[in-house]
Each structure stands twice: as C-alpha cells, then as structure tokens.
Amino acid sequence: MLLLTQLLIALLFTLLIAHYFKLQWLRRRYPPGPTPLPIIGNLWTLKFVLHRETLMQLAKTYGNIFTVWRGHQPIVVLNGSQTVREGLISHSEELVGRPKTPSTEEIAKGKGISFSSGHNWKQQRRFTLTALRNLGLGKKSLEVRIQEEAQSLVEFFAMQRGKSLDPTQAIVHSVTNVICSVIFGRRFSRDDKEIHQLIEANELLVNNLGTKWVLLYDTFPWLMRHLPGPHNNIFIGNAFVEEFVRKEIKIHKENGVSEEPLDFIDFYQTKMSQDSEDVTSTFDEHNMIRLVAELFGGGTETTTTTLLWAILYLVNRPEIQEKVQKELSTVFGESQVIHYEDRKRVPYTNAVIHEILRITNIASIGMIRQTTKDMSLQGFNIEKGSLVIANIYSSLYDPDYWEKPKQFHPGHFLDKEGNFIQKEAFIPFSAGHRVCLGETLARIELFIFFTSLLRAFTFRLPEGVKNVNMDTILGGIVQPHPFEICVVHR
C-alpha cells in the first residue's frame, strides 16, 4: 500500500511538472505576464478575482498588453486609455466575440445578446435597437415616461419629510418602472410584491456576477457544480427572472398582438410571426426570454446604482451639490419641465453627472471578449479565439488623460470658461460594436432623475453621522455599501 501511494504521488508530481512546462511553452504565443502555475494559472496572484486595480498594477510591470491565466486558459488584458480604445474601436470587428464559459452557458445557453456571438448576436442586437427606437428611445414619448417616474420619486421622497431612510428601494422601483413600461407595457405600484421579488432576484444575479466565485466556477466547473456557495445564487436569480418573463409572454399571447405593437414583447412576437418560414432566423421564444431578461437587468441595476453613487458623492461634497442646485434654479426655476436636450444649458450639472459615471465606473473592467480572427495590436499578435479583457477602469482612471483620476472632480469635463467638454478617454459604456445597448436610455434617465431630485431636495447625512462610506462592493457591477440619508425639501 505504501509503495502504491508513493507511485501515485510520483505520478501526480510528474504530471504537474509536465503541465508546468507545457504552460511555459504556450506562454510564448501570448503577450508577457506573470508566470502561471499548473491547474490554478494566475488565480493566486489575482486573489481569485479579476480586480480592476490589480490589473492596472500588473500593467506597470508587464506593459499595457499582458496575459493572465485563468487555470489553463490565457486572457489577454488591454490596459490604459489609448490601448483600450485602439482595441475596442480600431479592432472592433475582431473583438466582437463573446466566449462560452460554464457560467454564461448555464445562464444564457448562447441566446440573447450579452453572452452570444455571431449570427445570433447580430440579428438580435439589430432587431433590439430598431424595436427600442420604435418604442420611443431618443424621442419625447419615452422622455415623458421618465419624467413621470422621476416626479413619482420626488413625491415619494417629499412624503418622508426629511427623515432618515435608505433610498435604494424607492429609486430602484422608479427606475424599474421605466424599463418595465418599455418591455412589458405597464408599470408597477410601490406595494406590488411581485415586482419586489423580481428586483430581488435580479439583484441576486447581478451582485454575484464578476466575483471570485464565478471565476472559480468557470475554472473548475466539474467541481463547483457540486458545491454550495454564492455562485449558485446567480442561477437561482436568473431562473426567477426568466420565469417572470415567461408569465408576461403568456399574458401577451392570451391578449393577442395589437395592430401597433405597444411594448418590446409585442414587437418580438410580431417578428417571430413574420420570420416563421425563414430557416436562417434566430427569432424564437428562448431568445425573446433572454432579451427581455437582459433588458430588465441592464435597465434597472446600472441606473439605480449610478444614482445611489451620485447621492453619496454629493453628500460627501456638499459644495458641489449646492453649485448644481444653484445652476438648476438659475436656468429652470421651480416649475419648468426639464428635458434631456436641456443638458446643454447646464454645463456644470452635466459635468457632475459625467464625473459620477467616470469615478464610479460601475462596469468595472467590462465583460470578457473573444477574438473572431487573428489581430495585431501594438506589435503583439493575438490569435483567433483568444480571450481579451479591455480594462475600462484603466481608461477612466488613466493619469495621462485625467488631472485628478482618483478624485471626484467635475472640472475634468469643463474648460477654463466653464463650458462642458467631452473626453475621448470617457468610455463608461464601453465602445465599438459591443457598446452598451442601453447607453442612450441610461444617459436620458440619469439626467432627468438627477436634475429632478437636485432641484427638489438637498441630500444630507442623518443627525450624528459624520462620515460617508465610499468603499465599493465588487460584483457584476460596482456598488456602494447600504446607507441612509435625509432627503430634505429645498
């Protein structure tokens, strides 16, 4: 028995050594990076998570294009504003793919937009953009819905009469109703239990994406599938969201599609009927479920989280909050309806919103991409099928482009005369063919909700509280810790 044990140990040791040398041979085909170890690759160096600041630190050693290893799988990292933008924009066609990972296959099975590639991705994305435009995206009709939800939020906060509260649920409900009106054709009351369950399930999904548990799941799926842990919450949350969408689709089917589609599900069902004889069509119910689920998820958590960060930064910097309020009062008074087009009239307020998007960088490093063909970037050859991360954070915090990258500084978006200016390094919604589908909607929502709240209220810390917790929680998006504030009517 002792001899057998010794032989097994010797065999295992030999296999590990062989694997180690195999990795060193494979490394020569990729940009430089930390030395990978057998089985775990660079997971130990990365502390089992692809952390945005860790990747920036590695860039100081290995350059703005380097490689890290997730187990036996290499991931090429693009770092710094120039490199990231060159990759995402100049090589947008090559970097349009999305890899199949154990976690994303469990969630989407190649359907929808976020985790799909090729023909399916192209058809679904093109249709979704068209449907959203037909439903009012970029038009006054959708702005009116957003203004109504913003006013509903203002009225809710006014009823609290300045008492201490956690603003999260109030904000997420109003933001959720905007996307619900687009995809489901209806809004939900604040006491509707079902919508609260849907929001909680979506939070369960989003909060656990991007964590070390997902990295471990994708590295060791044969093991993690059988173990308890937070990674299972992703699939639980996703299953609930998809089941809710199925119920909504069933209701739409029972009601029948009107001559003029009223919401996204109507548009999709019409498209399915039109393409029923087309063998190249990807329009089916599974894709519809995934698209609606993705639109819901993307249309709730991101805007809600950005508004929560906005409140925290303004509470922490009351002089900036006061300057925004002064500009809004001067330009709009107390009763004028604010439109998205009005952002050009309030350069300081517009700069503050952009700075919040920059410094919070809720998308963190962005989603992993896969090259669809061989490409060359800054002297490095990257083979077809390679996994690539364009570190969005490194562009938004690049000291070569931002005067005070780690400080909340609205002046980043203002010239010497106080006029608003765009910055090429500002890509919070990513760039290229995979740019965020909901960027336009998010920008409109943020401006209208932000200005509506700041014109009506002053946000303050509760009595006795002196410090603001600005630490982050890294998950599918970068979130603040729970907090309470007082919403005081001006």
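Quick note: numbers below take in every heavy atom, side chains included, and nothing from hydrogens, waters or symmetry partners. Throughout, numbering of the chain's residues begins at 1 and tracks the sequence. Since the model is a prediction, treat every value here as computed from it, not as a measurement.
- A salt bridge between R186 and D263 is absent, with no side-chain N of the basic residue lying under 4.0 Å from a carboxylate O of the acidic one.
- Between V175 and G299, the closest heavy-atom pair is CG1-O, 3.4 Å.
- Using modelled atom types, one finds a donor on one side chain and an acceptor on the other under 3.5 Å when comparing N120 with N287.
- Taking 4.5 Å as the limit, every side-chain heavy atom of P405 sits out of range of all side-chain heavy atoms of L396.
- Under 4.0 Å is where a charged nitrogen must lie from a carboxylate oxygen, and between E149 and R145 no such pair does.
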*Walk me through it: do E242 and K247 pass the test salt bridge (Lys or Arg N to Asp or Glu O under 4.0 Å)?*
CA-CA 9 Å; E242 287 197 349; K247 292 177 182 177; over 6 Å; no
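- For P102 against R225, the heavy-atom pair with the smallest separation is CB-NH2, 4.0 Å.
- The aromatic rings of F244 and F188 sit tilted, their planes meeting at an angle between 30° and 60°.
- A donor-acceptor pair shorter than 3.5 Å cannot be found between the side chains of S174 and R187.
- Checked by atom type, the side-chain pair Q370/S117 shows no donor-acceptor distance below 3.5 Å.
- Closest non-hydrogen pair, L95 versus L88, comes out as CD1-N, 4.4 Å.
- Checking S273 against T270 by side-chain atom types alone, no donor-acceptor pair falls below 3.5 Å.
- Here the side chains of H119 and T282 are in contact, with some heavy-atom distance below 4.5 Å.
- Between the side chains of T371 and E94, no donor N or O sits under 3.5 Å from an acceptor N or O.
- A donor-acceptor contact closer than 3.5 angstrom is absent between the side chains of D400 and S81.
- Two residues are said to be in side-chain contact when any heavy atoms from C-beta on lie closer than 4.5 Å; E301 and Q479 meet this criterion.
- Classification of R246 and E243 as a salt-bridged pair holds, one side-chain N sitting under 4.0 Å from a carboxylate O.
- A donor atom on one side chain and an acceptor atom on the other are not found under 3.5 Å apart for Q82 and Y401.
- Taking the six-membered ring for Trp and the full ring otherwise, H354 and F420 have centroids separated by under 6.0 Å.
- Side-chain atoms of N233 and L205, non-hydrogen and from C-beta on, never get closer than 4.5 Å to each other.
- When only modelled atom types and interatomic distance are considered, E93 and H433 share a side-chain donor-acceptor pair under 3.5 Å.
- Note: H409 and H412 have perpendicular aromatic rings, judged against thresholds of 30 and 60 degrees for the angle between ring planes.
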*asked:* Using salt bridge (Lys or Arg N to Asp or Glu O under 4.0 Å), reason through K373 and E383 one step at a time and then give a plain yes or no.
replied: CA-CA 7 Å; K373 57 183 75 173; E383 299 176 1; over 6 Å; no
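- If you check the side chains of Q378 and T83, you find a donor sitting under 3.5 Å from an acceptor.
- No side-chain heavy atom of V206 sits under 4.5 Å from any side-chain heavy atom of T300.
- Residues I389 and V76 form no side-chain contact, since every pair of their non-hydrogen atoms from C-beta on lies 4.5 Å or further apart.
- The six-membered or imidazole ring of F426 lies near that of F413, with a centre-to-centre distance under 6.0 Å.
- Nearest heavy-atom pair across A310 and I356 is CB-CD1, 3.5 Å.
- For the pair R343 and Y340, the cation-pi test (distance below 6.0 Å, angle within 45°) is passed.
- There is a side-chain donor-acceptor pair under 3.5 Å between E294 and S114.
- For R52 and N361, the side-chain atoms include at least one donor-acceptor pair closer than 3.5 Å.
- Cation-pi geometry between R358 and Y397 is met: under 6.0 angstrom from the ring centre, within 45 degrees of the axis.
- Ring geometry for Y62 versus F66: interplanar angle of 30 to 60°, hence tilted.
- Ring centroid separation for the pair F127 and Y268 comes in under the 6.0 Å cut-off.
- Using a cutoff of 4.0 Å between basic side-chain nitrogens and carboxylate oxygens, E285 and K253 are scored as salt-bridged.
- Note: W309 and Y313 have tilted aromatic rings, judged against thresholds of 30 and 60 degrees for the angle between ring planes.
- Using a 4.5 Å cut-off on side-chain heavy atoms (C-beta onward), T303 and L446 make contact.
- In this pair, H231 and Y217 present their aromatic rings tilted. The plane angle is within the 30 to 60° band.
- Between the side chain of N350 and the backbone N or O of V346, no donor-acceptor pair lies under 3.5 Å.
- When every heavy atom of L357 is checked against every heavy atom of P428, the shortest pair comes out as O-CB, 4.1 Å.
- Within the 4.5 Å cutoff, the side chain of T67 has no heavy atoms near those of the P32 side chain.
- The shortest heavy-atom contact between A150 and I448 is CB-CG2, 4.1 Å.
- Counting non-hydrogen atoms of neighbouring residues, nucleotides and ligands closer than 6.0 angstrom, the NZ atom of K109 exceeds 12 such neighbours.
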